[in-house]
Amino acid sequence: MRRAVITGMGAVCAIGRDIPSILDGLKHGRSGVRRMEQWSSYKGLNCQVGAPAELTGEKLIPRQNRRSMGRMGIFTVQAAEQAVADAALDRALLTTGRAGSIVGSTMGGGEAISEAFEIMVPTKDISDLPPMKFFQCVAHTASLNLAQHFSIRGSVMATSAACSSGLQAIGTAADLIRLGRQDIVLAGGAEELHATVAASFDVLFATSTHFNDDPSRTPRPFDRDRDGLVCGEGSGIVVVEEYEHAMRRGARILAEIAGYATTASGLHVSQSNGESIIECMTGAMAEAGVDPTGIDYISAHATATQQGDQEEVAAIRRLFGDRVPVSGLKGYIGHTLGASGAVELIMSLAMMKNGTIYPTRNLENLASDCEGIYHVREPLERKIRTVLKNCFAFGGISTCLVCRTL
Amino acid sequence: MTDQDIVRMTNEVFADTFEVPAEDLLPEKHMFNDLGLDSLDTVDLIVALQKKFGVQLRSDERVKSVRTLADLYKYIGVVMAEMKTRAGGGH
């Protein structure tokens, strides 16, 4: 059977615009969460904090490629450029038709969608609608822009399952490689921070609202005082490559994508379900041929919502007890939603490479409903061979990926 | 609005929207061959010019024959003059 491996990775998020700066942010416990001053104009939006990534260097992307990109398109291409360089990949290999692009996001370009409606709706007139807006809005904006930028001619698609989107993209890339449809896929997730996106969680009372004046103290995964998620933005892209293809060109292999599963609970549109999470984690481990004793680190979804964290901990506790180190990374970078699975997997692979597991930021007082698992509270020097990444999404969707070193 | 105003404002659109360097904004320059625009850019150009000059250009067939910057300056001048006439003598 063909095997899928990761040979390069790149990321942009609130604490850094490349892997070294993100690792430095983790090492120093930095928070990327800020008060979003411009959000105060939205009536009823209780959450006033977000985790913006710095948008810079975009003019390095040729204008004719850049014109169809919103923020998330730019972040995606910047992350992908890092990944391609990290993989020492000859760019000509991306143009053969044997290479594809899969990038997930929650809903496409939130900023462009909002701008387009602001132009069209009040006047019912499309005369002033810039034509490039369409390409910045669509659900596959990140994927199509990535493909255009690298002249990719293989499969170009966008997974869209809210906060599972990015991890589903990487899992789908592995599937395409295993099936023999592609030899290389640039895969990951992208998201841009916008009040309309935060509002969709705010109306469901899922956002953090008690730390608007003290942004760095939220989100607080697994903590007694956790009060919801904080939206972030950015992109994470990995080069997923067929194992023999990577070996032939002498590529350095960061990890194998050993197991992947995505499931749904069929029970509730917004709430996580522990049993369904167990099924998903079990499915990913079964495909990887490991049992819970074979996992060295769990990168939790851990959004810092009451119910979500509780269900995830219950599932981890049941399968792993308190044996496997667990941390959540959203206290550093916010919840990058459709990008989160990819960005946090990349952060976990960087930790794997470094031999240090970074702790759950803002976990100060462990909540009683989150006890019974091995919470990483301080940087932990540990050899990680196998990592399990969790992502859960509206729709009762769970997505889990197991990566291991070779 | 003078002819100089039209040239200046049109050039501003090319600089702001299409990042064309000022030294390339010469009347004889062809929008596609010299300035690097393509068919998608022309729709963006129309929207940007509409906003800049406060006119409607999307449904005007004459815009399709514009090729060089000189053509464009001339065309905008004609459109602005027509608008002035319609408005009753430029009050």
Side-chain angles (χ1 to χ4, degrees), chain A residues 55-74 76-78 81 108-109 111-153 156, chain B residues 6 9-26 29-69 72 75-76 78-80 82-83 86-87:
Chain A
L55 184 71
T56 184
E58 67 271 25
K59 295 222 167 166
L60 294 171
I61 304 169
R63 182 193 68 82
Q64 284 205 333
N65 290 353
R66 188 178 5 111
R67 63 185 174 170
S68 50
M69 298 175 191
R71 287 174 73 82
M72 66 191 294
I74 291 167
T76 303
V77 165
Q78 291 175 332
E81 284 283 3
E111 198 169 272
I113 291 169
S114 180
E115 286 167 5
F117 286 161
E118 281 171 16
I119 293 169
M120 278 179 67
V121 174
T123 58
K124 300 281 190 291
D125 181 356
I126 67 158
S127 306
D128 289 330
L129 195 60
M132 300 314 296
K133 273 280 175 282
F134 170 81
F135 304 98
Q136 298 165 6
C137 287
V138 288
H140 66 315
T141 180
S143 195
L144 78 85
N145 277 299
L146 176 58
Q148 286 291 309
H149 181 76
F150 286 99
S151 301
I152 282 171
R153 292 168 51 219
V156 176
Chain B
I6 290 173
M9 290 167 70
T10 304
N11 286 355
E12 282 171 4
V13 167
F14 276 82
D16 295 345
T17 309
F18 304 112
E19 301 170 10
V20 178
E23 62 269 24
D24 289 344
L25 292 169
L26 303 170
K29 294 286 186 179
H30 192 286
M31 291 195 301
F32 297 153
N33 301 341
D34 299 324
L35 302 182
L37 274 63
D38 65 12
S39 58
L40 274 173
D41 285 326
T42 58
V43 192
D44 256 346
L45 174 65
I46 288 168
V47 172
L49 290 170
Q50 288 183 161
K51 211 169 173 181
K52 192 83 170 176
F53 292 97
V55 291
Q56 280 296 316
L57 308 174
R58 265 169 59 98
S59 308
D60 189 341
E61 288 293 316
R62 290 173 296 180
V63 76
K64 291 180 182 167
S65 56
V66 169
R67 290 290 178 271
T68 64
L69 280 181
L72 188 57
Y75 167 67
I76 296 284
V78 170
V79 170
M80 297 303 286
E82 287 172 356
M83 193 170 75
R86 275 201 302 277

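In what follows, chains are A, B, ... by sequence order, proteins preceding strands, each numbered from 1. Nothing here was measured: the structure is a model prediction, and the numbers come from that model.
Side-chain contact between A:R63 and B:D41 is present, with heavy atoms from C-beta onward closer than 4.5 Å. Counting heavy atoms from C-beta outward, A:D128 and B:R58 have side chains that stay 4.5 Å or more apart. You'll find the side chain of A:M132 reaches within 4.5 Å of the side chain of B:L40, heavy atoms only.
With a 4.5 Å cut-off on non-hydrogen atoms, A:K133 does not touch chain B at all. Residue B:S59: no heavy atom, backbone or side chain, is found under 4.5 Å from chain A.
Atom CZ of A:F117 is surrounded by 12 or fewer heavy atoms from other residues, nucleotides or ligands within 6.0 Å. The local environment of CD in A:Q148 is sparse, with at most 12 non-hydrogen atoms from other residues, nucleotides or ligands closer than 6.0 Å.
The main-chain N or O of B:G36 is found under 3.5 Å from a side-chain atom of A:Q64 such that the two form a donor-acceptor pair.
A salt bridge links B:E19 with A:R66: the distance from a Lys NZ or Arg NE/NH1/NH2 to an Asp or Glu carboxylate oxygen falls below 4.0 Å.
Going from atom OG of A:S127 over to atom CD of B:Q50 covers 6.0 Å, rounded to the nearest 0.5 Å.
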